[in-house]
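These notes concern the structure reproduced below.
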Amino acid sequence: MAVAIKTQMLPMIKKVRNIPKEEYYVPGHRTCAGCGPALQYRLVAKAAGPNTIFLGPTGCMYVANASYLCTPYAVPWMHTQITNGGAVASGIEAAYKVLIRKGKWQGEFPNIIVMAGDGGSIDIGLQAMSAMMYRGHDALFVCYDNESYANTGIQTSPTTPYGGNTTFTPPGPMIPEGKKLYPKDPPQLVIGGHPAVKYVATASLGYPIDLMNKVRKALNVVGPTFLHIHAPCPKGWKTDQDKTVMLAKLAIETGMFSLYEWEEGVYKFQHKPKQYKPVREYVKLQGRFAHLTDQHIANLQAFVDNKVKAQGVPIQVQVATPADYEAMDVGEGTGVNQ
């Protein structure tokens, strides 16, 4: 016999004064000054509330938050491997349903949230995330996107923008732009291939109420949901630590990042500029783009222009061929990995 599951229904936040005062991501971590991922963690935890379980795949938000037997979480938290955040969330969700069916858990079903970086979401952790979505587990998967593998020294990730200077994509005579590839689109990976998913959204530190309401909306949905949060990283982006929120807003204003919800197949956009600022205004503030030429910036601008004209539609870009690698006199792997 089916047993009814008591679910939470979190109210939307209308104004700043309505933001909960309670903190569930508290002082005691060792993140960098101006850390975007730490700020988004605080906002997500505030929005989710006390009946929440966080799962932390290996990454900045694990290493900087869980050192020396000390963590900043006021709710249950569990470390997972970078590869299996979605799998662990699936197991916890299934375990709670068994406890409810056997009458061993009488309370409301907890919010189960995977807090994974871009690598733990759509690169190394892609298979487990996708499987969680495909099977329809009732959990929220958050991709906090600082656009690199920052924990291990700022290596390139699938969301590092074209032209980004990382330790794996340094600019040089052969490859002057540094990163040659254009970024993956995390929400579209989820939307396009997972019929059980009914809600996907993007969010930014620049708009905290919008971010928190999207967290609550995702948690109110019964089933798998996905949230892509843009989180500037002063260390990896080579920016001033007090410019994190300003850069987050500038990413929206230039089209480098877009805010939207996808619900039951319908797109709704938020804070969409009436007129976009040039991408140059965004990249000039970041040391990781300091090497770019006018042509490189024009390439990035063209990519962004195509993206904002047809949001939700895959953008076609030129792919390097073996002949290109031969002309550069570099190994084929060198080009592909960048």
Side-chain angles (χ1 to χ4, degrees), residues 7-27 29 31 34-52 54 61 72-75 111-116 121 139-146 186-187 190 198-221 225-234 241-264 266-277 282 308 311-312:
T7 58
Q8 303 181 65
M9 189 56 62
L10 300 168
M12 296 298 103
I13 299 169
K14 295 183 178 180
K15 297 182 180 180
V16 172
R17 64 171 175 263
N18 301 131
I19 295 176
K21 293 182 173 58
E22 295 80 10
E23 300 283 357
Y24 301 102
Y25 178 83
V26 299
H29 51 82
T31 61
C35 175
L39 178 54
Q40 67 83 34
Y41 217 138
R42 181 186 179 192
L43 295 173
V44 171
K46 261 184 172 293
N51 189 16
T52 299
F54 278 110
M61 290 297 96
Y73 311 106
V75 294
N111 299 317
I112 301 171
I113 303 176
V114 182
M115 185 65 77
S121 300
L140 167 60
F141 200 108
V142 174
C143 170
Y144 66 87
D145 186 4
N146 59 2
V190 178
K198 307 303 180 186
Y199 184 81
V200 174
T202 64
S204 167
L205 299 179
Y207 300 92
I209 293 180
D210 178 74
L211 186 157
M212 296 177 74
N213 280 335
K214 286 173 176 174
V215 170
R216 290 191 164 189
K217 199 166 184 179
L219 292 172
N220 288 343
V221 172
T225 51
F226 184 84
L227 196 56
H228 180 206
I229 301 178
H230 195 226
C233 170
Q241 63 192 38
D242 61 346
K243 299 293 191 298
T244 299
V245 173
M246 183 269 284
L247 281 169
K249 289 185 175 181
L250 192 55
I252 307 298
E253 294 166 356
T254 57
M256 288 290 291
F257 194 81
S258 299
L259 293 178
Y260 63 85
E261 296 173 286
W262 179 88
E263 188 172 10
E264 299 280 359
V266 178
Y267 283 93
K268 297 179 182 177
F269 292 88
Q270 297 83 34
H271 302 286
K272 190 174 182 178
K274 293 182 179 179
Q275 183 173 357
Y276 289 95
K277 295 180 180 179
Y282 179 71
V308 299
Q311 290 178 337

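What's counted below: heavy atoms across the whole structure, side chains too, no hydrogens, waters or symmetry copies.
A distance of 13.0 Å separates CG in L43 from NZ in K214, rounded to the nearest 0.5 Å. Here the straight-line distance linking atom OG1 of T225 with atom CD of E263 works out to 11.0 Å at 0.5 Å rounding. To the nearest 0.5 angstrom, I229 atom CD1 is 12.0 Å from N146 atom CG. Here the CD1-CD distance, from I209 to Q270, works out to 13.5 Å after rounding to the nearest 0.5 Å. Note that the OG atom of S121 and the CZ atom of F141 stand 4.0 Å from one another [nearest 0.5 Å]. In this structure, CZ on R216 lies 4.0 Å from CD1 on I13, to the nearest 0.5 angstrom.
Between Y41 and F54, the ring planes are perpendicular. Angles over 60° get that label, and only those under 30° would be called parallel.
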One pair to check against side-chain contact (heavy atoms from CB on, under 4.5 Å): W262 and Y199. What are the steps and the verdict?
CA-CA 6 Å; W262 179 88; Y199 184 81; over 6 Å; no
One pair to check against side-chain contact (heavy atoms from CB on, under 4.5 Å): H271 and K249. What are the steps and the verdict?
CA-CA 10 Å; H271 302 286; K249 289 185 175 181; over 6 Å; no
Please test V44 against L211 for side-chain contact (heavy atoms from CB on, under 4.5 Å), starting from the C-alpha separation and ending with a verdict.
CA-CA 8 Å; V44 171; L211 186 157; 4.1 Å; yes
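The ring pair (Phe, Tyr, Trp, His ring centres under 6.0 Å) with H230 is formed by just one residue from the set Y207, F257, Y144; it is F257.
Shown here for V75 and T52, the closest heavy-atom pair between the two residues is CB-O, 3.5 Å.
Annotation: side chain of E23 is in contact with side chain of K46 (closest heavy-atom distance under 4.5 Å).
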